[in-house]
Amino acid sequence: MRVADLPLAPEHVEHFEREGIEELYPPQAAAVEAGVCDGDNVVAAVPTASGKTFVAELALLTADGPGLYVCPLRALAREKFEEFDRLPGVDAGISTGDYDSAASELAGNDIVVATSEKVDSAIRNGAGWVDDLACVVVDEVHLLGAAGRGPTLEVTLATLRRRTPAVQIVALSATVDNPEDIADWLDAELVESTWRPVDLRVGVHAADAVEFDDGTTLSVPVDADDPSTDADTEVTAALVRGAVEDGGQALAFVSSRREAEALAERLRDERLADAVDTADSTSDAASVAEELREAGGTETGSRLAEAADRGVAFHHAGLSSDQRALVERAFRERRLAVICATPTLAAGVNVPARRVVVRDQQRYTGEGTEWLPVLEVHQMCGRAGRPHLDPYGEAVLVADDEDGREALWNRYVTADPERVESKLRDRAALRTHTLALVATGFAGSQAAVLDALSGTFYASRTANPDLGGAVGDAIASLIDDGMLEAGEGKAKGSAGGNGGTGDTGSGIEATDLGAQVSRQYVTPETGVRIVERLEAVAGMNDADVTELTAFEVICDTPDMVDTYLGNAERAEIYQFARAHSAELTTGMTDAEDFEGWLESVKTARILSEWVDGASVEELVAAYRIGPGDLESRIERAEWLLGAAEALADVVGVSMPTLSSARAKL
DNA sequence: ACCCGTGGGCTTTAGACAGCATGTC
DNA sequence: CTAAAGCCCACGGGT
């Protein structure tokens, strides 16, 4: 099937041909046959890099009206937005937490790119553009199975479909075990394929050799004399070196940030860049280092630049978003030979390499170490092989010995990925979405909430959903928390009467507090915590209510990210809390979860030093966090302080430091 | 006096979505 | 309260 044969405008055909797309890949052709261009619902479960974006573009361009592209990451949203915006005659918009087109523009855009949470939020806040959609493309739809975010995605899609029943849904999924269940839910045709534009072989290394799934082997002699690193690291280094000496690029996945940095530093010392330097890439690597130095002068940054100078980089969430974007771009432009990364890179933006080495396959979880999900390892391996640049891709899992080889082989090479299961039946998820449904006026009774949830993936997967009890509990707890109250149903607004007729208990509505919590997009639990703290503030001396107080109000909530509190620091933070106890809403003895509270005091302290003018470098050094960690805390603090201000207004507490602190962030 | 290897105890452990309002020729 | 692995440091043996 050729692009020219598709029902596209000539200018679009031209555009794609200019980009080198003339003949459709088999999965793309299958998607067209399934009706992507005819307004039909389609679920495509295909590997990454098999041309999913083009399928999305087909759906969006042939739809009879505005389209929405939903994806899980802001960086991904940016990437897609830029791509769609290049389409001739297409006016694209973007809406994510950190980057937003004007609301007035979104309504006029042909294609809007947004994160799933942003779509949910737009619905909650009554944004007009969500009602005129003709087509919704959902990328990475398998995230339906993710504990925190999956429920948001399924409720949002259910709501969109209910509001606009004729909307076309095109869902793109990684290869999972039960894509038919997703297709079944969406009344969609399923397209399944394992086809890739570049051959990929996956293997396991043990005992000096890799055995690949295509039957080939690769001998990897390792001089085990060097006691400074362990055997797995030796093997990883040798595999990376091999790929680079062969003129390719490599990605190495390890389990922790420290490991990623240590591996990068080790490879840097091997002077791999000399090997990769066929042309003028020395200057390329140096230019990357230069750009990284300009991006910010933290200690992490200079170590990163030092490694980049030799063609090697590390990558994890401790890096600032600038640093991460720079590393990703430089690697795509082949100005870097190697990235040593934590699992972040597996799910992020497109960073393909000739060879992928997965050194660590386990991860700490808080309940011991756990095997990485098969899907995640597959996504790491799937990064191997660049179309048009590599003759093939190779992914190698590193095992300790022959037993380990067999274990990894069975677990990851021959095994199917996990099933996608709904996580909607979770107390916190149901509280959040029940509140949102009621607050938006979408449901005014328990029965109506259940009805709204009947269009979810959860409901389609369960013969007898029986959410009644769980939703009932959610409603009861939300009433306890002052977010919901018994309403008067249809008689709402009629003055007089005591409200309670025969329908008592069946009608519910959101209180002002509940409505504000839903609109601010904080979880009900965060709303409760903030209100408790605000009430404590009301009883404090005005002089004691400082910006530190403001930060404490928002830091001990589930929506703020935890900050690790090391043993060495604990005593010092304790001292700090004692010294500032007058400014804190929680007494040293009243915290229910003292450890958790102390961690939030640490976060509050970091933020308050930040607004007092401390530099990124100082804070990063003093609190042993990465620049990216500081960035994310500042970002969340900005959001949560705004939410706290709105809630303070509702409960009638005046707290000026909330806004003064926010202004200084 | 110095170097190196060993062993035990201590320390640490991936990631990342969201509000709102506003400006200009 | 779970598990694995790196890091630091003290110790001991050899030169």
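Letters A, B, ... are given to chains in the order of the sequence lines, protein chains preceding strands, and every chain is numbered from 1.
- Of the listed nucleotides (dC20(B), dA18(B), dA16(B)), dA18(B) has the atom at the smallest distance from the side chain of Glu117(A).
- Across all strands shown, Leu73(A) has heavy atoms under 4.0 Å from sugar-phosphate atoms exclusively, and none from any base.
- Nucleotide dC25(B) is matched to nothing when pairs are restricted to Watson-Crick or G-U wobble geometry with both distances under 3.5 angstrom.
- Ser632(A) comes within 4.0 angstrom of no nucleic acid atom, judged by non-hydrogen atoms across all strands.
- Residue Arg662(A) is classed as a base contact, given a heavy-atom separation below 4.0 Å to a base.
- Summarising the base pairing, dA16(B) is matched to no nucleotide, lacking a Watson-Crick or G-U wobble pair whose two defining distances lie under 3.5 Å.
- Checked by atom type, the side-chain pair Thr557(A)/Asp559(A) shows no donor-acceptor distance below 3.5 Å.
- Under a cutoff of 6.0 Å and an axis angle of 45°, Arg605(A) and Phe576(A) form a cation-pi pair.
- Among the atoms of the strands shown, none is found under 4.0 Å from any heavy atom of Asp120(A).
- In this model, the phosphate group of dG19(B) is approached by a side-chain N or O of Ser121(A) to a distance below 4.0 Å at OP1 or OP2.
- For Asn567(A), no side-chain nitrogen or oxygen approaches OP1 or OP2 of dT12(B) to under 4.0 Å.
- Across all strands, Ala643(A) comes closer than 4.0 Å to no nucleic acid atom at all (heavy-atom distances).
- Between Glu328(A) and Arg324(A) there is no salt bridge, since none of the side-chain N atoms of the basic residue sits less than 4.0 Å from a carboxylate O of the acidic one.
- Phosphate contact (OP1/OP2 of dT2(C), side-chain N/O of Thr369(A), threshold under 4.0 Å): absent.
- Between His316(A) and Phe314(A), the ring planes lie parallel to each other; the angle is under 30°, not in the 30° to 60° tilted range.
- Between Arg624(A) and dT11(B), a side-chain N or O to OP1/OP2 separation shorter than 4.0 Å is absent.
- Using a 4.0 Å heavy-atom criterion, one finds that Val522(A) contacts no nucleic acid atom at all.
- Using a 4.0 Å heavy-atom cutoff across all strands shown, Thr96(A) reaches sugar-phosphate atoms only and no base atom.
- Looking at the side chain of Tyr521(A), the nearest of the listed nucleotides dA18(B), dA3(C), dT12(B) is dA18(B).
- dA14(B) and dC1(C): their P atoms are spaced 23 Å apart (whole Å).
- The aromatic ring of Trp639(A) is stacked on the base of dA18(B), with the two ring centres less than 5.5 Å apart and the planes inclined by under 30°.
- Residue Leu647(A) contributes atom CG, which lies 12 Å from atom P of dC20(B) at whole-angstrom precision.
- The base-pairing partner of dG12(C), taking Watson-Crick or G-U wobble contacts with both distances under 3.5 Å, is dC4(B).
- For the pair Gln361(A) CD and dA3(C) C1', the interatomic distance rounds to 16 Å; values are reported in whole Å.
- Regarding Asp649(A), its CG atom lies at a distance of 14 Å from the P atom of dC20(B), rounded to whole Å.
- Under 3.5 Å, the side chains of Ser477(A) and Arg431(A) contain a donor-acceptor pair of N or O atoms.
- Look at Ser255(A) and you won't find any side-chain N or O under 4.0 angstrom from OP1 or OP2 of dA14(B).
- Ion pairing of Arg74(A) with Glu117(A) is absent here, as no side-chain N (NZ or NE/NH1/NH2) approaches a carboxylate O to less than 4.0 Å.
- Residue contacts shown for Glu259(A) are limited to sugar-phosphate atoms, with no base heavy atom under 4.0 Å away.
- Toward the 5' end of DNA chain B, the nearer of the two residues Ala102(A) and Glu645(A), judged by each one's closest nucleotide, is Glu645(A).
- In this model, the phosphate group of dC17(B) is approached by a side-chain N or O of Arg74(A) to a distance below 4.0 Å at OP1 or OP2.
- In this structure, dG9(B) forms a base pair with dC7(C), meeting either the Watson-Crick or the G-U wobble geometry with both donor-acceptor distances under 3.5 Å.
- Contact annotation for Gly566(A): backbone-only contact, meaning every heavy-atom pair under 4.0 Å involves sugar-phosphate atoms and none involves a base.
- Within the 4.0 angstrom heavy-atom criterion, no nucleotide atom of any strand lies near Arg124(A).
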